[in-house]
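Note that this is a predicted model, so its numbers are computed, not measured.
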Amino acid sequence: MSLPPHPQPDALRFHAAVMATGVGMAILGLDGAWEEINPALARLLGDTAAPSNPDGTRAGTVFDVLEPSAAADLVNSLPALLRGETASIDRRIACRREDAVFDARINLAVLRDAAGLATGLVLQLQQDTGADDAAAQTMLRRDMQAQIDAVAHDLRAPLRSIGNFAGLLARKLDEGLDESSRDHLGRIRASAARMSRLLDGLSELSRATTAPLRPGLVDLSLLADWVAAEQQDAHPGREFRITVQSGLTGHGDERLLKTMLVQLLDNARRFSHEDAPVTVDISGHVADGLLHVAVRDHGRGFDMRYRHKLFEPFQRLHGLDEGAGDGLGLAIAQRIAGRHGGCIDAESDADGGSVFHIQLPAARVAGVSPGESC
């Protein structure tokens, strides 16, 4: 009869579990020096980042495998951890592996003896692929868009009824209405139409914020010509003189970038003088890995003192009689540029007219991460 195996002491069992786990773990000195490292962490960091000494220990410190700014932040956080003011440090952090940089999740806690004195640090480190966050953000964006679309749909129904019944009253009572009553009914219908356009603008702003990006090479010159033709078709009573430099190629979502250009050219139309053609010049160049595009119009311009409000939703720098819309067009354009890792700025000349400066990833730097606006 064989005897049951003698149980391992708890410390040995715990050490065996640490060595077997797929999570990178290490024991560190209070100065961050490596004391013991498990195989999972050795695979994650590589020997170059944490080289072995002849006795099997690791040379250097945990700070050697972090990007300099990340290492400095971690050093600044350690005193509060050692004093017991925080239970642990848990954050995303930028790590180095040989010549590569990768995102990781770090958890750092203090080892204490029976008297409560700090004796070392225990480290957990895992590569952060961002997959879970990306999936959660995608679901959140879809839910937000669905809710906004549902609210917009529910609000449009009573607005249509208000507009339709106001129109019926106007036609039925046409002969019996005085000028004041006709004006009241006209204002009701105009307000309902304006509210409907505002709902369309809010839905477009939401799509600019939440729509998934489908990036690829985009011919901005072709898109601008396309949008210019659509503007001319939509407003046959206006003359459009739009010149576009050829060869402006960027990297992004073609559908969203077209929406951005629609907003900018529609803005140029609305603020162009009624007795003058809508004149817009679009040009650009590539510098520092970015496509720089300038959209120059010859309209009313704006007061540069209020430039900081130009891209904020519902902010209008002109009155309705000067062409102001719902205050969402430029906010939509800025939101789209930001989603692509770019931005939009503007300036206005004293003689009138505005120039909108757009920065987008150029075609040759397709790896620029969207959402990191300049």
Enquirer: Find the distance between CZ (Phe240) and CD (Gln231) and round it off to the nearest 0.5 Å.
Expert: 5.0 Å
Enquirer: Count I, L, V, M, F, W, Y as connected when their side-chain heavy atoms are under 4.5 Å apart, and connections chain through other members. Are Leu222 and Trp226 then in the same cluster?
Expert: no
Enquirer: List the steps, then state whether side chain to side chain contact (heavy atoms under 4.5 Å, CB included) holds for Glu274 with Arg238.
Expert: CA-CA 8 Å; Glu274 292 292 336; Arg238 298 295 303 272; 3.9 Å; yes
Enquirer: Going from CG on Asp281 to OG1 on Thr243, what distance comes out if it is rounded to the nearest 0.5 angstrom?
Expert: 3.5 Å
Enquirer: To the nearest 0.5 Å, what is the distance between CD on Gln232 and CG on Leu265?
Expert: 12.0 Å
Enquirer: Does Ser348 use its side chain to pair, donor to acceptor, with the backbone of Ser354 at less than 3.5 Å?
Expert: no
Enquirer: Quick check: closest heavy atoms across Val278 and Ile242, and the distance to 0.1 Å?
Expert: O-CG1, 4.4 Å
Enquirer: Locate the shortest heavy-atom distance separating Ala362 from Leu290; write the atom from each residue and the value.
Expert: CB-C, 3.9 Å
Enquirer: Show your reasoning for whether side chain to side chain contact (heavy atoms under 4.5 Å, CB included) applies to Leu257 and Asp253.
Expert: CA-CA 6 Å; Leu257 291 178; Asp253 186 298; 5.6 Å; no
Enquirer: Using side-chain heavy atoms (C-beta onward) and a distance below 4.5 Å, is Thr61 in contact with Asp31?
Expert: no
Enquirer: Identify the heavy atoms of Gly247 and Ser221 that sit nearest to each other, and give their distance.
Expert: N-OG, 3.3 Å
Enquirer: Any side-chain heavy atom of Leu291 within less than 4.5 Å of one from Gln359?
Expert: no
Enquirer: Heavy-atom distance under 4.5 Å between the side chains of Leu256 and His340, does that happen here?
Expert: yes
Enquirer: Would the distance check show the side chain of Asn38 and the main-chain N or O of Val18 forming a donor-acceptor pair, the cut-off being under 3.5 Å?
Expert: yes
Enquirer: Could you go step by step and tell me if Arg187 and Asp183 meet the side chain to side chain contact (heavy atoms under 4.5 Å, CB included) rule?
Expert: CA-CA 6 Å; Arg187 288 174 181 268; Asp183 179 65; 2.9 Å; yes
Enquirer: Kindly give the heavy-atom pair with the smallest separation between Ser272 and Ala268, and that separation in Å.
Expert: OG-O, 2.6 Å
Enquirer: Look at the aromatic rings of Phe356 and Phe302 and report parallel, tilted or perpendicular, splitting at 30° and 60°.
Expert: tilted
Enquirer: Any non-hydrogen side-chain atom of Leu108 less than 4.5 Å from a side-chain atom of Leu78?
Expert: yes
Enquirer: Is any side-chain heavy atom of Pro39 closer than 4.5 Å to a side-chain heavy atom of Met19?
Expert: yes
Enquirer: Any side-chain heavy atom of Leu66 sitting closer than 4.5 Å to one from Ile93?
Expert: yes
Enquirer: Grab the two heavy atoms, one from Arg97 and one from Leu45, that are nearest each other, plus how far apart they are.
Expert: CG-O, 3.4 Å
Enquirer: Could you state the interatomic distance from CZ (Arg335) to OG1 (Thr259), rounded to the nearest 0.5 Å?
Expert: 14.0 Å
Enquirer: Identify the heavy atoms of Val62 and Trp34 that sit nearest to each other, and give their distance.
Expert: CA-CZ2, 3.6 Å
Enquirer: Does the distance from a Lys or Arg side-chain N to an Asp or Glu carboxylate O, for Glu347 and Arg296, drop under 4.0 Å?
Expert: no
Enquirer: Using 0.5 Å steps for rounding, measure from the CG atom of Leu81 to the CG atom of Leu121.
Expert: 6.5 Å
Enquirer: Just so I know, are the side chains of Val280 and Arg269 near enough to count as touching, which here means a heavy-atom distance under 4.5 Å?
Expert: no
Enquirer: Flag the pair Asn267 / Leu330 as yes when at least one side-chain heavy-atom distance between them is below 4.5 Å, and no otherwise.
Expert: yes
Enquirer: When you check the gap from the basic side-chain N to the acidic O, do Arg105 and Asp90 get nearer than 4.0 Å?
Expert: yes
Enquirer: Output, in order, the C-alpha distance, side-chain angles, deciding distance and verdict of side chain to side chain contact (heavy atoms under 4.5 Å, CB included) for Arg339 and Gln334.
Expert: CA-CA 9 Å; Arg339 291 282 310 279; Gln334 178 70 286; over 6 Å; no
